Amino acid sequence: MSEEEKLLEFEKRIENGEVIEPKDWMPERYRKQLIRMMSQHAHSEIIGMLPEGNWITRAPNLRRKLGLLAKVQDEAGHGLYIYSATETLGVDRQELNEQLLNGSAKYSSIFNYPTLSWADIGVIGWLVDGAAIVNQTLLAKCSYGPYQRSMVRICKEENFHKKQGYEMVSTLAGGTKEQKEMVQDAVNRWWWQSLMMFGPSDKDSPNSAELMRWKIKLKSNDELRQRFVDLTVPQARVIDIEIPDPDLKFNKETGHWEFGEINWDEFWSVVKGNGPMNKQRMAARRKAHSKGAWVREAAEAYANKHKN
Ligand code: FAQ
């Protein structure tokens, strides 16, 4: 079969809703796009442990500490599932890690903001995990088998994270005046940044057309962002929290919440490495990597010993 015939056959399989597995023929570009997107997703889970990990020692009580510890541990697991799924595309995890450490691979913009108060931890669970679920529920139906399957369990855990985050936020919102102010301040600092997680608007998203044609993405960045807003605004109203957007209004005809303009200059500046915490996040990752060198060496020595 010629390369063109193979491509036609591949696209027909995608069209018919078939799942592509590691040993199946796939265009090089499909493989490259998956490696890019999946590795950036895995890196996001690992870097995403840092803003929350920062609060483990300061959780206000044992129940909250246990919840936060478990959540951060879950994020590590998510990173590892997705790295394993990415390895099925023929790329070594060490190489992916090097790409993160040398800055050639991205991770989600959202993790470049600081966690200034305890309320940030609840708001991250509610908004950041909430946004992640909206995106990942569809990735659980994407065309690549290992990515799709890794998403099923991840979505279940993210749902739990979102629920515990919303429970924390509603507790603080119904608490003292200071607690309510603290949670409102956290929402004010995380709302727009959560909307940015969905990526640039469709007209500025160079990868979307190809990813959608190959059913890696099933909905566009703007469609998913809108779904997140529609789901989240009513949740904010129930607990009397204001969304910091003066242009937010419900359109009865479309059934959607219309929202104001996202600050795309801020988004691109953070993506390019100039967000408030980019340098600290990468420094923390590099430090953890070099401190873990002895573990990698020991694992290699053990593997070599058992090879013979
Ligand atoms: N941040 O053409 P598009 C989580 C880049 S997991 C940084 O639209 P695409 C769990 C993009 O890479 C959160 N960069 O790109 C958790 C591309 O650059 P490139 C992560 C961004 O791939 C919760 C360029 O802009 N989730 O939160 C961002 O079609 C709590 C042009 O953009 C995933 O990764 C951004 N926000 O769509 C953990 C899900 N947006 O690579 C801890 C999987 C865009 O060409 C605590 N990924 N860029 O140099 C996706 O669904 C997609 O990759 C998008 C971007 C939607 C993120």
Side-chain angles (χ1 to χ4, degrees), residues 29 32-55 68 70-79 81-82 85-86 99-100 103-113 115 120-140 142 144 147-148 150-151 154-155 157-162 164-165 190 192-214 216-225 228 262 264 266-275 278 281:
R29 183 75 194 154
K32 284 237 159 68
Q33 276 286 29
L34 277 172
I35 292 175
R36 177 191 67 84
M37 189 168 136
M38 290 167 67
S39 65
Q40 294 187 169
H41 190 169
H43 299 328
S44 304
E45 300 279 358
I46 299 298
I47 299 270
M49 294 161 72
L50 295 168
E52 291 174 291
N54 183 33
W55 277 90
L68 182 55
K71 180 179 193 289
V72 172
Q73 206 172 328
D74 284 351
E75 311 298 356
H78 298 175
Y81 306 151
I82 309 171
T86 315
Q99 289 170 2
L100 171 67
S104 59
K106 297 184 168 70
Y107 59 88
S108 184
S109 51
I110 192 76
F111 302 117
N112 291 307
Y113 291 88
T115 37
D120 288 30
I121 301 306
V123 170
I124 288 178
W126 175 36
L127 299 182
V128 176
D129 287 86
I133 297 165
V134 168
N135 170 281
Q136 292 171 2
T137 305
L138 286 164
L139 291 176
C142 77
Y144 188 56
Y147 196 23
Q148 180 192 96
S150 72
M151 281 301 126
I154 291 179
C155 281
E157 293 180 352
E158 299 285 30
N159 247 310
F160 198 73
H161 297 169
K162 193 216 142 173
Q164 68 93 32
W190 291 93
W192 290 103
Q193 288 66 21
S194 302
L195 299 192
M196 291 175 193
M197 283 176 74
F198 295 93
S201 72
D202 295 350
K203 63 178 179 6
D204 297 316
S205 166
N207 298 296
S208 276
E210 196 171 48
L211 295 177
M212 288 180 81
R213 189 170 88 241
W214 286 333
I216 295 172
K217 269 185 175 177
L218 298 181
K219 291 222 186 289
S220 76
N221 298 358
D222 286 334
E223 285 173 313
L224 291 178
R225 191 170 7 250
F228 171 70
I262 291 170
W264 292 116
E266 175 182 332
F267 170 75
W268 289 116
S269 163
V270 174
V271 170
K272 286 182 186 137
N274 302 316
N278 294 59
R281 299 292 182 237

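Just so you know, ligand 1 is whichever comes first in the structure, and atom 1 is the first atom listed for that ligand. In what follows, every heavy atom counts, from backbone to side chain, and hydrogens, waters and symmetry copies are set aside. What you see is a predicted model; the values in this text were computed from it and never measured.
Atom 28 (C) of ligand 1 is approached by the protein to below 4.0 angstrom, counting heavy atoms only.
Residue Lys217 places a heavy atom less than 4.0 Å from ligand 1. Judged by the shortest distance from any of its heavy atoms, His161 lies outside the 4.0 Å radius around the atoms of ligand 1. For the pair Asp204 and ligand 1, no heavy-atom separation below 4.0 Å is found. Residue contact check for ligand 1: Gln33 places no non-hydrogen atom closer than 4.0 Å to it.
Here the CZ-SG distance, from Phe160 to Cys155, works out to 15.5 Å after rounding to the nearest 0.5 Å.
Checked by atom type, the side-chain pair Tyr107/His41 shows no donor-acceptor distance below 3.5 Å. At a cut-off of 3.5 Å, with distance as the only test, no side-chain donor of Gln99 or His43 sits close to an acceptor on the other residue. Asn54 and Thr115 form a side-chain donor-acceptor contact under 3.5 Å, judged by distance and modelled atom types alone.
The nearest non-hydrogen atom to atom 32 (O) of ligand 1, considering only Gly130, Gly199, Pro200, comes from Pro200. Atom 5 (C) of ligand 1 has its nearest heavy-atom neighbour, among Lys106, His78, Met49, Met196, in Lys106. With distances taken over non-hydrogen atoms, the option nearest atom 22 (O) of ligand 1 out of Arg36, Met151, Met212 is Arg36.
The closest protein non-hydrogen atom to atom 56 (C) of ligand 1 is Phe198 O, 3.6 Å.
Between His78 and His161, the angle of the ring planes stays under 30°, which puts this pair in the parallel group of the 30/60° scheme.
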**Request:** Go through Leu139 and Tyr147 one step at a time and tell me if the side-chain contact (heavy atoms from CB on, under 4.5 Å) criterion holds.
**Result:** CA-CA 8 Å; Leu139 291 176; Tyr147 196 23; 3.4 Å; yes
